[in-house]
Amino acid sequence: MTDTANPYAAQAHARAMAGTRVEAMPTLPASAAGDLPPGVAAEAMIWEETIAPGGYAAKQIDRGARLRLVDLAGDACASMLVFNAERPIERLNVADTLKVQWNAYLGAGKLVLSDMGKVMLSVLEDEAGTHDAFCGASNQKTNAAKYGTGDNWGPHPNARDRFSLALAKFGLGRRDIHPCLNWFKGVRVEDDGSLTPRHGPFAPGRGLTLRAEMDLIVVFANCPHVLDARPAYSVTPLRVSAWRGLVTPADDPLRIATPEGLRAFLNVEAEYSR
Amino acid sequence: MSDPLSGLTGPIVRDDIVPARAPWDAVVRKGQTLRIVDLEGNQAVDFLMYALADDAERYSAQDTMAAQGNIFLRTGSVLLSNEGNPMATVTGTSVAYHDTIGGACSCESNTLRYGHHTKSQHACVENFLQANAKHGRGKRDMVSNINWFMNVPVEADGALGIVDGISAPGLYVDLRAEMDLVAIVSNCPQINNPCNGFNPTPVRMIIAG
């Protein structure tokens, strides 16, 4: 007889798993976070999760929240979608994010813009400097071509299909997977338009701190970058954490840094003037 | 190209003049060629595509750029869907390159780029929403588009912007459909930057084959 032959035995077997720790898992409650950012009180924490290689996670966060991403082992690729939590029909617009800021590269001081002329996120700190707004998510075909398979149920999940599962849990679907940002794995545009990956190797522990300028749903997939040239499916865990913070004040240096950015903040402030 | 129809094979199934500032849409069958003619020069033609069989599959600028390793669309560029399938191929163009990073102008982004005095001006997103609504699609179906005849360079320091065009009257681009698709066009009404030479003009859309 096995130790799961009747419901009581099966219950005991299941409960015996309690307390198991693995690398890729959420910390609950978030105030128990083992990796508190400097100066952040434990009770301010609202999220700490380590996203597995090939994994995904999503979270609703309030306006003012800080969101920190850490490339724990130096080989994460944080592909990100962003939605207005109240009205997810408003979402990240990569083209507007670049065009409005007259610049091809995201980094400290840059803003992440919605398709409704608003600032969704500000980049407060960036220890990486290698990000990508051009190449987007891997998909079933790109992963199958490189790794043999790309399915959610296999060993080489692709970022697009990870997004699809994450969005389904918010009532969103394939049509809502908009062009994404890739944090940590970078790309440069050359004079002839060609794209040169900047994929490392990188030191462990590079971080990025964002500030939510609206109530948001943030969605992450941690899969190899679509231009990753290595034959093996290579990606390491991604740490995401978030804590409550003050809404951006009128004299915030990022808010007033550029005329375009200031108008993006004014549009957010108009949205919340109710 | 003295004859706008030269080089096209098969019957001409559509031959439309799209007025300045207007939307346009058409079904393009696999194997047909869609020719877009910049009649008066430097007129941005904002362009999206959806698979006719499953319109959750649509043009993906990011997949297209990643696969070709380049941000510019030129002769030979294969335009990929968000599922990684070829939707169309640029079989010829008399312009050196076209844009797919600049996106579409909108009333809302115009307020950031130029000021809130531009909020009531017509914009490409308005055209896209109207043309897509005919097919039952809405705002969630909006993704990064192609801007035929628009020039968006990226400088070594990352500076990026819509600058003076490199097209001219009568220049064209030919697309061969690799699947049955719906083409959605906004003949760009923008008047605040050089994408239309500050003067929106008509374009010609020809489907052959």
Side-chain angles (χ1 to χ4, degrees), chain A residues 88-91 93-105 107 113-119 132-142 144-145 160 172-180 187-197 225-227 259-264 266-267, chain B residues 50 54-58 60-74 80-85 97 99-116 119 125 137-145 147 152-162 193:
Chain A
I89 195 69
E90 178 174 8
R91 65 269 319 256
N93 187 303
V94 170
D96 284 355
T97 294
L98 301 185
K99 174 174 63 180
V100 168
Q101 298 185 92
W102 301 91
N103 198 280
Y105 305 118
L113 302 178
S114 81
D115 57 8
M116 294 290 286
K118 296 182 204 138
V119 52
D132 165 30
F134 293 95
C135 294
S138 57
N139 61 48
Q140 163 68 25
K141 282 200 162 55
T142 61
R160 176 176 172 76
L172 302 170
R174 287 166 69 217
R175 294 170 188 278
D176 300 295
I177 304 174
H178 55 71
C180 72
V187 71
R188 299 291 294 188
V189 182
E190 309 297 347
D191 284 346
D192 64 353
S194 61
L195 294 166
T196 303
H225 188 275
V226 65
L227 292 185
E260 296 85 4
L262 174 58
R263 291 192 286 263
L266 287 169
N267 285 346
Chain B
Y50 300 83
D54 169 16
D55 65 6
E57 179 169 12
R58 68 279 304 267
S60 169
Q62 292 190 325
D63 284 276
T64 298
M65 290 189 285
Q68 68 172 17
N70 198 290
I71 63 169
F72 294 125
L73 302 180
R74 300 180 168 96
L80 296 182
S81 75
N82 52 2
E83 310 280 354
N85 295 312
Y97 57 86
D99 168 72
T100 195
I101 65 173
C105 63
S106 67
C107 301
E108 293 77 17
S109 69
N110 279 347
T111 72
L112 306 188
R113 299 164 72 194
Y114 311 112
H116 285 89
K119 184 165 186 289
V125 168
R137 288 184 294 271
K139 184 175 173 305
R140 64 197 297 228
D141 299 296
M142 299 286 299
V143 289
S144 287
N145 55 289
N147 296 297
V152 187
V154 176
E155 308 293 341
D157 65 355
L160 167 161
I162 299 169
N193 73 46

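Lettering of chains follows the sequences in order, A, B, ..., and the numbering in each one begins at 1. Computed from a predicted structure; not experimentally measured.
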Relative to chain A, which of [options] shows the most heavy atom pairs under 4.5 Å?
{"options": "B:Thr100, B:Asn110, B:Asp54", "answer": "B:Asp54"}
{"options": "B:Gly103, B:Gly69, B:Ser109", "answer": "B:Gly69"}
{"options": "B:Ala56, B:Ser60, B:Gly84", "answer": "B:Ala56"}
{"options": "B:Ile162, B:Val143, B:Thr111", "answer": "B:Thr111"}

Interface residue of largest heavy-atom contact number with chain B, from [options], under 4.5 Å:
{"options": "A:Gly261, A:Ser114, A:Cys135", "result": "A:Cys135"}
{"options": "A:Gly117, A:Ala264, A:Ala133", "result": "A:Gly117"}
{"options": "A:Asp192, A:Leu227, A:Leu262", "result": "A:Asp192"}
{"options": "A:Glu260, A:Lys141, A:Lys99", "result": "A:Lys99"}
{"options": "A:Cys180, A:Pro197, A:Pro88", "result": "A:Cys180"}
{"options": "A:Gly193, A:Ala95, A:Pro259, A:Gly136", "result": "A:Gly193"}

Proximity breakdown for [X] and chain A, heavy-atom pairs closer than 4.5 Å:
{"X": "B:Ala67", "result": "neither"}
{"X": "B:Asn193", "result": "neither"}
{"X": "B:Asn145", "result": "neither"}
{"X": "B:Tyr97", "result": "neither"}
{"X": "B:Cys107", "result": "neither"}

Query - Listed partners of B:Thr64 passing side chain to side chain contact (heavy atoms under 4.5 Å, CB included), at least two apart - result: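 B:Thr64: side chain to side chain contact (heavy atoms under 4.5 Å, CB included) contacts with B:Tyr59, B:Leu73, B:Leu79, B:Leu80.
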
Report task. Decide, yes or no, whether a salt bridge links B:Asp55 with A:Arg175 under the criterion of side-chain N to carboxylate O below 4.0 Å. Result ->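 Salt bridge flag = yes for A:Arg175 with B:Asp55.
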
Requested in this report: Run the salt-bridge test on B:Asp63 and A:Arg160 with the 4.0 Å N-O cut-off and return the result as yes or no.
Outcome: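 Between A:Arg160 and B:Asp63 there is no salt bridge, as every charged N stays at least 4.0 Å from the carboxylate O atoms.
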
Query - A:Phe134 side, atom CZ; B:Ile101 side, atom CD1 - distance, nearest 0.5 Å - result: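 The CZ atom of A:Phe134 sits 5.0 Å away from the CD1 atom of B:Ile101.
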
**Report entry** From CD1 (A:Ile177) to CD (B:Glu83), nearest 0.5 Å
**Finding:**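 Between atom CD1 of A:Ile177 and atom CD of B:Glu83 there are 8.0 Å.
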
Query raised in the report: Can the positive tip of A:Arg188 be found less than 6.0 Å from the middle of the six-membered ring of A:Tyr105, inside 45° of the ring normal?
Result: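 Judged by the rule (NZ or CZ under 6.0 Å from the ring centre, within 45° of its axis), A:Arg188 counts as positioned above A:Tyr105.
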
Query - Pair A:Arg91-B:Arg140, side-chain contact (heavy atoms from CB on, under 4.5 Å): steps then yes or no - result: CA-CA 9 Å; A:Arg91 65 269 319 256; B:Arg140 64 197 297 228; 3.9 Å; yes

With a 4.5 angstrom heavy-atom cut-off, which part of [X] approaches chain B: side chain, backbone, both or neither?
{"X": "A:Asp96", "result": "side chain"}
{"X": "A:Leu113", "result": "side chain"}
{"X": "A:Asn93", "result": "neither"}
{"X": "A:Ile89", "result": "both"}

Requested in this report: Give a yes or no on whether the backbone of B:Asp157 and the side-chain of B:Glu155 come within a donor-acceptor separation of less than 3.5 Å.
Outcome: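 No; judged by distance alone, with no hydrogens or angles, the pair does not exist.
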
Report task. Specify the closest pair of heavy atoms between A:Pro179 and B:Gln62, including all atoms of both residues, with the distance to one decimal. Result ->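 Closest approach of A:Pro179 to B:Gln62, heavy atoms only: CA-OE1, 3.4 Å.
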
Report task. State, with a plain yes or no, whether a side-chain heavy atom of B:Met142 is found less than 4.5 Å away from one of A:Asp115. Result ->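 Contact flag for B:Met142/A:Asp115 side chains = no.
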
Query raised in the report: How about B:Val152 and B:Leu160: do any of their side-chain heavy atoms sit closer than 4.5 Å?
Result: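 A side-chain contact exists here, since the closest heavy-atom pair is under 4.5 Å.
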
Report task. Start with the C-alpha distance between B:Val125 and B:Lys139, add both sets of side-chain angles, then the distance that settles side-chain contact (heavy atoms from CB on, under 4.5 Å), and finish with yes or no. Result -> CA-CA 9 Å; B:Val125 168; B:Lys139 184 175 173 305; over 6 Å; no

